[in-house]
Amino acid sequence: MISPRDELLTQDILRLKKEKSAYIIAHYYQREEVQALADFVGDSYAMAIAAKESPYDVILVAGVDFMAETAAILCPGKIVLTPEPAATCPMANTITVNDVLAYKKKHPESIVVCYVNTPAEIKAVSDVCCTSSNAVKIINRLPENAGIFFIPDQYLGSYLAKKLGRSIDLFSASCPTHANIEKEHLLRLKEQFPHAQVLVHPECHPEIVDLADYAGSTKGILDYATQSEGKSFIIGTECGILYSLQKNNPDKTFILASEELICPNMKSITLDKVRYSLEKLETRVTVPEEIRAKAALALERMIEYAS
Ligand code: 13P
Ligand code: SF4
């Protein structure tokens, strides 16, 4: 439910958006009032494509830093804004360029597959990017006997290794938000709601993914729930997705797998910050050209393989 103050802020933002000829792209984990006013709401892959294909010169990305950076890498020449430059992804920041270079030195023939949840410098030393919505397609495009280093999410990496029956070297990071789902609690919910299907993000711990009926990206979860004949679902991803799930499926019931499925960085973007960002055309997201050009190669390769 949007408050009267948020209603006024929304009107202001819509006016500014028109005035500045800006396009607002939001992730499913954003606050509902931010999702409600966005021109486009999607998962990290769809956000990247929406930015790339947008005819607007100003793009405001309501999401964490790697999402805004991806838009800036794919759209040189456009103004890419973030309403909160401190909104980051703790998992993305765990790996360093030296970690990747050290691996490459030891395994010069291996292919570095880089989850889009990484800073631009990491993409720049990787061979190909992926998101959870296209990772299976990307890895299937790599030569069958190629060595693979999947960075940085160990759980998405191990999910892919298991699903594709391939050996994949993993980095050891994981998402602190998805880590909040406890197996015992999920088992109790399954008992309490025996007809509910369990839909989770592959960033969850493998023992959680093993209990799920479906694992996929945020958009994958939304599509699965929307197309399913089922009426109730236990959701194992960040709580912001409940807004889009409920909006698309008013007659279905969604139960969060944990009350702590909150990404504080995603939630640090507010309507006040979106308004300020559009009004001042700040904070602009830029990537040094040398890094941008190399990171763009890994992102464009992802788009080519995913298409
Ligand atoms: P999606 O690509 O599914 O949107 O996931 C991004 C993310 O950060 C999940 O925690
Ligand atoms: Fe990063 Fe996890 Fe937040 Fe996604 S939910 S942005 S992986 S910290």
Side-chain angles (χ1 to χ4, degrees), residues 25-31 34-35 38 40-51 61-71 74 82-95 113-119 122-123 129-138 150-157 159-160 171-181 199-205 208-209 212 214-226 235-245 256-269 299 302-303 306:
I25 296 175
H27 189 261
Y28 292 118
Y29 296 166
Q30 289 294 290
R31 293 167 182 272
V34 175
Q35 288 188 54
F40 182 87
V41 184
D43 66 9
S44 56
Y45 183 61
M47 288 172 79
I49 301 299
V61 179
V64 290
D65 53 4
F66 74 82
M67 295 172 171
E69 239 183 28
T70 297
L74 292 173
T82 173
E84 176 47 85
T88 192
C89 169
M91 174 175 69
N93 301 329
T94 51
I95 188 159
V113 180
C114 169
Y115 193 23
V116 77
N117 296 40
T118 41
I122 303 295
K123 293 183 174 79
C129 290
C130 74
T131 73
S132 53
S133 72
N134 60 33
V136 167
K137 267 192 181 170
I138 305 296
F150 188 88
I151 57 170
D153 183 359
Q154 60 178 320
Y155 296 152
L156 176 57
Y159 165 79
L160 292 165
F171 191 71
S172 59
S174 56
C175 164
T177 297
H178 286 85
N180 288 331
I181 305 175
L199 317 182
V200 306
H201 199 281
E203 284 179 11
C204 292
H205 192 283
I208 301 298
V209 176
Y214 171 80
S217 77
T218 46
K219 173 79 165 68
I221 290 174
L222 184 62
D223 288 347
Y224 185 100
T226 305
I235 301 298
T237 196
E238 212 269 356
C239 62
I241 200 171
L242 293 181
Y243 170 72
S244 288
L245 281 168
L256 264 189
S258 160
E259 287 307 310
E260 284 153 54
L261 279 164
I262 301 167
C263 177
N265 283 283
M266 285 285 186
K267 296 297 185 265
S268 69
I269 293 171
L299 282 167
M302 164 181 79
I303 295 169

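Note that ligands are numbered from 1 as they come in the structure, with each ligand's atoms numbered from 1 the same way.
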Chemist: Quick check on contacts: which atoms of ligand 2 are under 4.0 angstrom from a heavy atom of P90?
Modeler: 8 (S)
Chemist: Under 3.5 Å, side chain of K123 to main-chain N/O of T118, donor-acceptor pair present?
Modeler: yes
Chemist: Please assess Y45 against V116 for the test side-chain contact (heavy atoms from CB on, under 4.5 Å), listing each intermediate value before the final yes or no.
Modeler: CA-CA 8 Å; Y45 183 61; V116 77; over 6 Å; no
Chemist: Can you sort out which atoms of ligand 2 are near Y29, meaning under 4.0 Å from one of its heavy atoms?
Modeler: 4 (Fe), 5 (S)
Chemist: Dump the intermediate steps for side-chain contact (heavy atoms from CB on, under 4.5 Å) on K219 and S133, then the final yes or no.
Modeler: CA-CA 8 Å; K219 173 79 165 68; S133 72; 5.8 Å; no
Chemist: Do me a favour and list the nearest non-hydrogen protein atom to atom 1 (Fe) of ligand 2 with residue, atom name and distance?
Modeler: C89 SG, 2.4 Å
Chemist: Are a donor atom and an acceptor atom from the side chains of S258 and N180 found within less than 3.5 Å of each other?
Modeler: no
Chemist: Go through C204 and Y159 one step at a time and tell me if the side-chain contact (heavy atoms from CB on, under 4.5 Å) criterion holds.
Modeler: CA-CA 9 Å; C204 292; Y159 165 79; over 6 Å; no
Chemist: Run the contact test for N265 against ligand 2 with a 4.0 Å cut-off on heavy atoms, strictly below, and give the result.
Modeler: no
Chemist: Do side-chain atoms of E238 reach the backbone of M266 as a donor and acceptor pair under 3.5 angstrom?
Modeler: no
Chemist: Once you round to the nearest 0.5 Å, how far does OH of Y28 lie from NE2 of H201?
Modeler: 11.5 Å
Chemist: Could you list, one pair per line, each nitrogen or oxygen of ligand 1 together with any protein nitrogen or oxygen closer than 3.5 Å, giving atom names and the distance rounded to 0.1 Å?
Modeler:
from	atom 1	to	atom 2	distance (Å)
ligand 1	2 (O)	S44	N	3.4
ligand 1	2 (O)	S44	OG	2.5
ligand 1	3 (O)	S132	OG	3.3
ligand 1	3 (O)	H201	NE2	2.8
ligand 1	3 (O)	T218	N	2.9
ligand 1	3 (O)	T218	OG1	3.2
ligand 1	4 (O)	H27	NE2	2.6
ligand 1	4 (O)	S44	N	3.0
ligand 1	4 (O)	T218	OG1	2.8
ligand 1	5 (O)	H201	NE2	3.3
ligand 1	8 (O)	N117	ND2	3.2
ligand 1	10 (O)	Y29	OH	3.3
ligand 1	10 (O)	E203	OE1	2.8
ligand 1	10 (O)	E203	OE2	3.2

Chemist: Has E203 got any heavy atom lying under 4.0 angstrom from an atom of ligand 2?
Modeler: yes
Chemist: Do T88 and N93 have a side chain donor and acceptor closer than 3.5 Å?
Modeler: yes
Chemist: Using the rule given for side-chain contact (heavy atoms from CB on, under 4.5 Å), can you reason through I235 versus L199, listing the C-alpha separation, both sets of side-chain angles and the distance that settles it, and then say yes or no?
Modeler: CA-CA 5 Å; I235 301 298; L199 317 182; 4.0 Å; yes
Chemist: Under 3.5 Å, is there a donor-acceptor pair between the side chain of Q154 and the main chain of S174?
Modeler: no
Chemist: Please identify which atoms of ligand 2 are closer than 4.0 Å to at least one heavy atom of C175.
Modeler: 2 (Fe), 5 (S), 7 (S), 8 (S)
Chemist: Just need the protein heavy atom nearest to atom 3 (Fe) of ligand 2, so name the residue and atom and give the distance.
Modeler: C263 SG, 2.5 Å
Chemist: What atoms in ligand 2 come closer than 4.0 Å to a heavy atom of N117?
Modeler: 7 (S)
